[in-house]
2 protein chains.
Amino acid sequence: MARAGLTVERVTVAGADLADEVGLGQVTMSQVARRLGVRDASLYTHVRSLKDLQGRIALLAADEKSIQIAEATAGRAGKDALVAFANAWRAYAHRYPGRYLATQTPIQIAPELAAQAPGPRRAVELTYGMLRGYGLAEPDLTDAVRLLRSTFHGFVALEAAGGFAHERSPQQSWVRTLDALHALLEHWPPAEEGHSS
Amino acid sequence: MARAGLTVERVTVAGADLADEVGLGQVTMSQVARRLGVRDASLYTHVRSLKDLQGRIALLAADEKSIQIAEATAGRAGKDALVAFANAWRAYAHRYPGRYLATQTPIQIAPELAAQAPGPRRAVELTYGMLRGYGLAEPDLTDAVRLLRSTFHGFVALEAAGGFAHERSPQQSWVRTLDALHALLEHWPPAEEGHSS
DNA sequence: TTGCTTTCCTAGGGGTACTAGGATATTCCT
DNA sequence: AGGAATATCCTAGTACCCCTAGGAAAGCAA
C-alpha cells in the first residue's frame with residue numbers, strides 16, 4: 001500500500017477546490033479527506049484543525065487574488081489601472097466563490113501563519129501603487145485605499161448574496177461604479193477643518 | 001412541569017443574541033435550546049432546521065437595521081441624511097456583529113419566508129429615498145444606490161475582518177469616506193457614450 | 001369532565017471534529 | 001545493503017452536532 005503523498009499545500013488546495021465547488025460551508029475534514037482518498041484522521045498530520053485549514057484556504061486565496069491583480073495592472077496607470085485592478089478583483093471572486101468567501105471570515109488566523117503569507121499585505125500595497133497616479137497624499141491616500149477596497153469587496157459580496165435583485169444588470173452598475181470612483185479620485189475633496197473626530 | 005412557552009420569534013431572538021455574544025458560527029440548535037432551557041429536539045416544533053433559523057436571524061437583522069436607519073434619517077436631507085444613514089448602518093454592524101454577519105450569508109432563504117419580511121427591500125428603498133436630494137435620474141440612481149450600499153457594507157465587513165491594520169483609525173477613514181461619497185453624489189459623472197457593455 | 005391539539009420529551013441514527021496509539025512506508029546512516 | 005529512525009496513514013474511540021420518530025403531558029374546548 002503506497003502512501004497518498006499529502007502535504008499541507010495539497011490539503012489546502014483540495015479544501016479550496018471543494019469550497020469553490022460545493023460551498024465553503026461544506027468544507028469539512030471528512031469531505032476533504034474523502035476527496036484525497038484518505039481517512040479524516042490522516043489530515044491532522046498536515047493541518048492542525050479545521051479552523052487552521054480554513055485560515056490556510058483564506059491565505060491561499062489572498063495570495064492568488066493579489067497575483068491576479070498584479071498581473072492585470074502591470075504596466076497600466078490611471079483609469080486603466082483602476083479598471084484592471086477592479087475587474088481582476090471581481091473576476092477572482094466570481095471564478096473562485098468559495099476561496100473568496102474564505103477571505104471574508106472574521107480573522108482568527110494563527111499569527112505565525114499569517115506572517116509568512118504575503119497575500120493580504122501585498123493586495124493593500126497594490127492598491128496604494130494603483131492610486132499613485134492620482135496624486136493623493138497621506139492621510140487621504142490611506143482613506144482612498146480603504147474606500148476602494150470597501151467598495152470592491154462590498155460590491156462582489158452583495159452580488160454573491162443576491163443583493164442586486166433590480167432589473168439593471170450588476171455589470172452595468174459595476175462599469176458606472178468604476179467611472180464614478182475614477183471621477184472621485186480625480187477630484188478628491190479636501191478635508192474639512194474644525195472637526196477632528 | 002410548565003411549558004417553556006416558545007415561539008418562532010423567541011427562538012429566533014435567542015439565536016440572534018447568541019450570534020452577537022459568541023459568534024454566528026456558535027449558533028447551533030443545541031446551544032439555542034440550552035439557552036432556552038429546553039431540549040434541542042423541541043426547537044423543531046418552531047423552526048424547520050438550522051438553515052431555517054439562520055435565515056430567520058438574517059431577516060430579523062435586516063428588519064432591525066432598516067428600522068434603525070429609518071429612525072436615524074427621518075427628517076434629514078442631503079449630506080445630513082447620508083451621514084445619518086451610513087452611521088446607523090455601521091453602528092448596527094458594530095453593536096450586533098452576529099446579527100449583521102447573518103445578513104451576509106449567500107442567499108438560501110426560503111422564498112415564502114423572505115416574501116413576508118420587509119427588511120431587505122425596505123433598506124434598499126431607504127437608500128433611494130436618501131438619495132432623492134441629489135437629483136439623480138435612472139439608471140444613475142440605481143447605480144449610485146448600489147455603490148453606496150457596496151461601500152457601506154464593504155467597509156464594515158473589512159473592519160470586522162481586521163482588514164484595516166494601518167495606524168490610521170477606521171473612524172477617521174470612515175468620516176472622510178462619507179465626505180468623498182457626498183462629493184461624488186454631487187458631481188456624479190455623466191455616462192460615457194459608445195460602449196454599452 | 002372528557003376529548004383534542006400542541007408542546008415538549010426520550011430514544012436513536014448518522015455525520016462531524018479530534019485524540020491516542022499502532023502499523024507501515026520511506027529515508028537516512030553506516 | 002541492512003537496520004534504525006522518522007514520518008505518514010491507519011483503526012478505534014469520545015464527544016458533539018442535526019434531525020426524525022413516537023410518546024407523555026400541558027393547555028384548551030365542548
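Letters A, B, ... mirror the listed sequences (proteins, then strands); counts begin at 1.
Rounded to an integer number of Å, the gap from B/Leu53 CG to D/dC19 P is 10 Å. Atom pair B/Leu36:CG and C/dT7:C1' shows a separation of 14 Å (rounding to whole Å applied). Taking atom CZ on A/Arg39 and atom P on C/dG15, their separation rounds to 13 Å, with Å as the unit. Between the CG atom of A/Asp40 and the C1' atom of D/dT11 there is a distance of 11 Å, given to the nearest Å. In this structure, the CG atom of A/Leu43 is 13 Å from the P atom of C/dT19, given to the nearest Å. Between A/Tyr44 atom OH and D/dT11 atom C1' the separation is 15 Å, expressed in whole Å.
In this model, the phosphate group of D/dC10 is approached by a side-chain N or O of A/Ser42 to a distance below 4.0 Å at OP1 or OP2. Of the side-chain N and O atoms in B/His46, one or more sit less than 4.0 angstrom from OP1 or OP2 of C/dC8.
Here the CZ atom belonging to B/Phe155 is positioned 4.5 Å from the CZ atom belonging to B/Phe164, to the nearest 0.5 angstrom. Annotation: the span from B/Leu184 atom CG to A/Thr177 atom OG1 amounts to 9.0 Å, rounded to 0.5 Å. Rounding to the nearest 0.5 angstrom, the gap separating the CZ atom in B/Arg48 from the CG atom in B/Leu43 is 15.0 Å.
A salt bridge between A/Arg146 and A/Asp143 is absent, with no side-chain N of the basic residue lying under 4.0 Å from a carboxylate O of the acidic one.
Listed by chain and number, the residues in a side chain to side chain contact (heavy atoms under 4.5 Å, CB included) with B/Asp17 are B/Val13, B/Glu21, B/Arg35, B/Arg99 (sequence neighbours excluded). For B/Arg39, there are no salt bridge (charged side-chain N to carboxylate O under 4.0 Å, His left out) partners at least two apart in sequence or on another chain. With sequence neighbours excluded, no residue forms a side chain to side chain contact (heavy atoms under 4.5 Å, CB included) with B/Thr45.
Each end of the helix from C/dT1-D/dA30 to C/dT30-D/dA1 gets its own rotation axis from five pairs of C1' atoms, and the angle between them is 10° to the nearest 10 degrees.
Other members of a hydrophobic cluster containing A/Ile67 are absent, since no ILVMFWY side chain comes under 4.5 Å of it, directly or through relayed contacts.
In the region residues 5-34 of chain B, proximity to DNA chain C at under 4.0 angstrom, judged on heavy atoms, holds for B/Gly5, B/Leu6.
Among C/dT7, D/dT20, D/dC10, the nucleotide with an atom closest to any side-chain atom of A/Ala41 is D/dC10.
Checking B/Tyr92, B/Tyr96, B/Tyr100 one by one against B/Glu64, the side-chain hydrogen bond (donor to acceptor under 3.5 Å, both in side chains) holds for a single residue, B/Tyr92.
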